[in-house]
There are 2 protein chains.
Amino acid sequence: MALSQSIEDYLKSIYEIESKHENVTTSSLSEKLNVAPASVTSMIKKLSEKKLVTHKKYQGVKLTNSGLKVALEIIRHHRLVELYLKEALGVPWDQVHEEAEKWEHVLSEDLEDRIDEYLGHPTSDPHGSPIPDRNGNMIERDSRNLIEVSPGAKVIIAEVSDHNPELLRYFGKMGLYPETEVKIISIEPFQGPITLVVKGEEYSIGREAAKYISVVEADA
Amino acid sequence: MALSQSIEDYLKSIYEIESKHENVTTSSLSEKLNVAPASVTSMIKKLSEKKLVTHKKYQGVKLTNSGLKVALEIIRHHRLVELYLKEALGVPWDQVHEEAEKWEHVLSEDLEDRIDEYLGHPTSDPHGSPIPDRNGNMIERDSRNLIEVSPGAKVIIAEVSDHNPELLRYFGKMGLYPETEVKIISIEPFQGPITLVVKGEEYSIGREAAKYISVVEADA
DNA sequence: ATATATTTTTAGCCGTGTCTAAATATTTTA
DNA sequence: TAAAATATTTAGACACGGCTAAAAATATAT
Ligand SMILES: [Mn+2]
Ligand SMILES: [Mn+2]
Ligand SMILES: [Mn+2]
Ligand SMILES: [Mn+2]
């Protein structure tokens, strides 16, 4: 009763949309997965029959417990693989996501355990995303978007979006990695740039880029 | 123009049958791939259209240069991954094949290079099979089957079949690994057992098992 | 050489996951 | 609150890679 790669990808996407506290609509999935809305509808029907999601027509879907379990399993694979590729084989952080997209579906439980062991049971991936443990538990942090921080504050980068390699290389050049402390100097109005200091260097970055960084309070 | 996993598997199987100097028939592929003969015929048609094999009706298939290139590419992936899993993650040699069957299809060229580098450009996998280099070249050894060796001779294990985990564990218990020297004591007639000495220990193994071991001459 | 057995191909079907176009439901706007 | 815009579902098609059953070609045996 193994699930197809397609089903796994849908469940993962549903989880990711849910965790942004957004309603999981046909169109949001259509956009995220790059498939036509009609295709999403037919897949939703299948997921619903398999009791992986609940669905009220025209109302969007929600993961069931069983669907959530699968989603977290795949996300665990994805994030473990990302970190493993970086640590063990030196794959740059802007490339690990693409590799993990493929590997996450073919990782055996045994290999998952070996990788987890090798990495010392890590709790976050190269982009700062939490890695669920085998039971699906992960560390929740109280993070907010970089653009919501008050000028003058010191914060620590919690997580950056892993989907755009070019953006990641841009962040990398400035040292904007998870766990790095940054001081916000100013946030210009009218969608203006954010000026910040990273490791003694000052940078100005646009709102578009900053949106993809989330932060937590700096250690006391 | 990426090829499907199915196509890759067919090409790999065709290569493997060809390299046993056997005609690649519909039924041999059917058996190897565990699909109905009719399915093989329809896939052969597709491979033929894509110029990956040549086919004369009722006569079997042969890889074209382009088909051979793909087959060797996948076999390189498979064998590199097998060795990598053993070396880097300690996966036992009876389990690496199954993992590699899945990973071989999702390995990027970049990762292939990194793994190759990590392993120091290896030339054979954990079962003794040669690993093609990036150009498809590999070291050919003049090996023969263990059951063809004359009693009294010392030989070195070249290669063991990687398809049966149980068999591999059985071999492993006796230390029958590639590059190991064995001395053949006797080969009983009427499909009788082969008695041999491995690292000072004497064992008797059946013909069925011995068939899956190939050997080369011991170093002078 | 002919009958029989085996192998291969053809024909037709099915499940999966996608698509486009059209119908229908919901949401927004006026 | 009715019309317009948008979102979702339905209908019907298609490529892929399987399947079974039947037909045709090849190989084997008498
Ligand atoms: Mn797992
Ligand atoms: Mn990631
Ligand atoms: Mn193998
Ligand atoms: Mn390759």
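Every chain is numbered from 1, with letters handed out A, B, ... down the list of sequences.
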Nearest to the side chain of A/A38, heavy atoms from C-beta on, is which of D/dG18, C/dT9, C/dT20? C/dT20
As a quick check of understanding, evaluate salt bridge (charged side-chain N to carboxylate O under 4.0 Å, His left out) for B/E101 and B/K12, giving each step before the final call. CA-CA 11 Å; B/E101 280 297 306; B/K12 188 168 60 133; 2.8 Å; yes
Rounded distance in Å - NZ (A/K46) to C1' (C/dG17): 6 Å
Closest-nucleotide 5' rank along DNA chain C - winner of A/K50 and A/A36: A/K50
Please report whether the ring centroid of B/W93 lies less than 6.0 Å from that of B/Y177. yes
Salt-bridge criterion met for B/D116 and B/R76 (N-O under 4.0 Å): yes
N-O pairing of A/K86 and A/E99 below 4.0 Å: no
Whole-Å distance between C/dT16 C1' and A/D9 CG? 14 Å
Answer yes when B/D113 and B/R134 have at least one side-chain N-carboxylate O distance shorter than 4.0 Å, and no when they do not. yes
Can a side chain N or O of A/Y10 be found less than 4.0 Å away from OP1 or OP2 on C/dT18? yes
Tell me which residues in residues 14-32 of chain B put a heavy atom below 4.0 Å from DNA chain C, sorted by number, or none. B/T25, B/T26, B/S27
Would you say the rings of A/H105 and A/H77 are close, in the sense that their centroids are separated by under 6.0 Å? no
Could you check whether A/H78 and A/E82, counting side-chain N and O atoms only, form a donor-acceptor pair closer than 3.5 Å? yes
Treating B/T25 as the side-chain partner and B/G60 as the backbone partner, does any N or O pair qualify as donor plus acceptor under 3.5 Å? no
What's the closest nucleotide to the side chain of B/S4 if the choices are C/dG17, D/dG17, C/dT9? D/dG17
Round to the nearest Å and state the distance from A/L47 atom CG to C/dT18 atom C1'. 15 Å
Within the structure shown, what part of the strands sits under 4.0 Å from A/K45 by heavy-atom distance: base, sugar-phosphate, or nothing? nothing
Assign B/S39 to base, sugar-phosphate, or nothing according to its heavy-atom contacts below 4.0 angstrom with the strands shown. base
Check the phosphate of D/dT9 against A/S42, side-chain N and O only, distance under 4.0 Å to OP1 or OP2. Yes or no? no
Has the side chain of A/S48 got a donor or acceptor atom that lies under 3.5 Å from a matching backbone atom of A/T54? no
B/Q5 has an atom CD; how far is it from atom C1' of D/dA15, in whole Å? 17 Å
For B/Y84 and A/Y84, take the angle between the two ring planes, folded into 0 to 90°, and tell me which bin it lands in: parallel under 30, tilted 30 to 60, perpendicular over 60. perpendicular
Between D/dT10 (P) and A/I44 (CD1): distance, integer Å: 11 Å
In numerical order, the residues of residues 53-60 of chain B whose heavy atoms come under 4.0 Å of DNA chain C are B/H55, B/K57, B/Y58
When all nucleic acid strands are considered with a 4.0 Å heavy-atom cut-off, which category describes B/T41: base, sugar-phosphate, or nothing? base
Rounded distance in Å - CD1 (A/I7) to C1' (C/dT16): 9 Å
How long is the line joining CD of B/E8 and C1' of D/dC16, in whole Å? 15 Å
